[in-house]
Amino acid sequence: MKLYYSDVLMPRKACAVAKHLNAPLDYVYLELGKGEHKTPDYLALNPNGKVPTLVDGEQSLWEADAIIMALAIDTGSELWPSDRRAQVEVMRWLSWNASHFNPPCGALYFEGVIRPRFNLGPADAAQVETSTAEFRAVAPVLETHLKKRDWLVADALSVADFSVSNALFYAEKAQMPLEDFPAIRRWLDRLSQFDAWRDPFPTR
């Protein structure tokens, strides 16, 4: 297997899960600034021209959440739970994250991390204000859920935790307003005990 990645937001969760599972794969780093994700060879693997992409034999799998599910299933890990009800719960949180939580988190990440890294100019103040308000509107759902539990699903670490927490690693740089969400911060403290969550990217 090969995992095509770069050290940006979406590949972060794929690399974290792969490292946590010690998955047997080779890592292929793409220089986004050089357009290596837009070459014909790469577009043949991922027509979106984005990272990450997992190539396993003849299968080319894109979308980070699909990749982390595949890695957990293929390694027989309970990060993808065996219980059907827990599987549905994992999917619920992945869907909630994609539809509600990641959009404001990703926007704040772009303004606070990507713009300075790639010299894209100053942060868009209006976008930051809008995304911060959206974050405050949706984060209470996660906060309430975590108040009396350690993990998102069945009180056990799962791919849902890796996925939903992904952008929050950059909370300080991206100025995500976590100060009003103590349960989320405790959850992040628990996740930070895992080497793969703190430092997911392989040494190049």
Side-chain angles (χ1 to χ4, degrees), residues 8-18 20-21 48 50-52 54 61-73 77-114 127-194 196-197 200:
V8 292
L9 188 59
M10 286 300 127
R12 186 185 190 279
K13 69 175 81 174
C15 290
V17 170
H20 183 76
L21 296 174
N48 302 292
K50 295 184 177 181
V51 281
L54 179 69
L61 186 64
W62 27 269
E63 297 303 321
D65 284 341
I67 289 171
I68 63 177
M69 289 168 57
L71 290 172
I73 291 168
S77 169
E78 279 298 305
L79 287 186
W80 175 253
S82 55
D83 177 72
R84 185 194 69 81
R85 289 181 180 273
Q87 291 174 356
V88 172
E89 285 290 304
V90 167
M91 287 303 304
R92 178 174 71 162
W93 282 106
L94 296 181
S95 298
W96 177 82
N97 185 53
S99 297
H100 302 288
F101 195 52
N102 189 66
C105 290
L108 291 171
Y109 167 80
F110 178 82
E111 298 298 333
V113 179
I114 293 298
Q127 181 64 64
V128 170
E129 182 178 2
T130 297
S131 298
T132 300
E134 291 174 352
F135 182 100
R136 291 188 181 279
V138 299
V141 175
L142 182 60
E143 173 75 10
T144 299
H145 185 73
L146 288 169
K147 279 183 177 179
K148 295 183 179 180
R149 60 175 67 231
D150 289 339
W151 308 111
L152 286 177
V153 176
D155 208 29
L157 182 68
S158 73
V159 294
D161 296 287
F162 279 96
S163 183
V164 178
S165 69
N166 189 46
L168 297 178
F169 177 81
Y170 303 97
E172 183 175 354
K173 287 184 178 180
Q175 298 183 31
M176 298 177 193
L178 286 181
E179 63 275 4
D180 296 329
F181 303 103
I184 294 176
R185 285 188 277 114
R186 288 193 297 270
W187 175 57
L188 295 176
D189 288 342
R190 287 189 289 273
L191 282 163
S192 69
Q193 297 173 17
F194 296 100
W197 191 85

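Given the structure is predicted, the values throughout are model-derived calculations rather than measurements.
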With a 3.5 Å cut-off and sequence neighbours excluded, list the donor-acceptor pairs that the side chains of residues 62-69 form with protein atoms.
from	atom 1	to	atom 2	distance (Å)
Asp65	OD1	Lys13	NZ	3.0
Asp65	OD1	Ser163	OG	2.7

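To the nearest 0.5 Å, the span separating CG on Asn166 from CZ on Phe101 amounts to 11.0 Å. Expressed to the nearest 0.5 Å, how far CG of Leu21 lies from CH2 of Trp80 amounts to 14.0 Å. Atom OG of Ser192 and atom CH2 of Trp197 lie 6.5 Å apart (nearest 0.5 Å). In this structure, His20 NE2 and Phe194 CZ are separated by 5.5 Å, a value rounded to the nearest 0.5 Å. A distance of 7.5 Å separates OG1 in Thr132 from CD in Gln175, rounded to the nearest 0.5 Å. Ser165 contributes atom OG, which lies 9.5 Å from atom CG of Leu142 (distance to the nearest 0.5 angstrom).
Proximity of Leu157 to Asp150: side-chain heavy atoms (C-beta onward) are nowhere separated by under 4.5 Å. Two residues are said to be in side-chain contact when any heavy atoms from C-beta on lie closer than 4.5 Å; Arg186 and Leu146 fail this criterion. Residues Ser158 and Asp161 meet the side-chain proximity criterion, which asks for heavy atoms closer than 4.5 Å.
Contacts of Ala16 classified as side-chain contact (heavy atoms from CB on, under 4.5 Å), with partners at least two apart in sequence or in another chain: Phe162, Pro200. Residues passing the ring pair (Phe, Tyr, Trp, His ring centres under 6.0 Å) test with Trp93 are Trp96, His145, sequence neighbours excluded. Annotation: side-chain hydrogen bond (donor to acceptor under 3.5 Å, both in side chains) contacts of Arg190 (sequence neighbours excluded): none. With sequence neighbours left out, the side-chain hydrogen bond (donor to acceptor under 3.5 Å, both in side chains) criterion links Glu143 to no other residue.
Looking at Asp155, its side chain never comes within 3.5 Å of a backbone N or O of Arg149 through a donor-acceptor pair. Using a distance-only test at 3.5 Å, with no hydrogens or angles considered, a donor-acceptor pair links the side chain of Tyr109 to the main chain of Leu9. A donor-acceptor pair under 3.5 Å links the side-chain atoms of Arg185 to the main chain of Leu178, judged by distance alone.
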Between Val128 and Phe110, does the side chain to side chain contact (heavy atoms under 4.5 Å, CB included) criterion hold? Intermediate values first, please.
CA-CA 10 Å; Val128 170; Phe110 178 82; over 6 Å; no
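Identified under the salt bridge (charged side-chain N to carboxylate O under 4.0 Å, His left out) test for residues 90-105, with sequence neighbours left out: Glu89-Arg92.
A 6.0 Å sphere centred on CD of Glu129 holds no more than 12 heavy atoms belonging to other residues, nucleotides or ligands.
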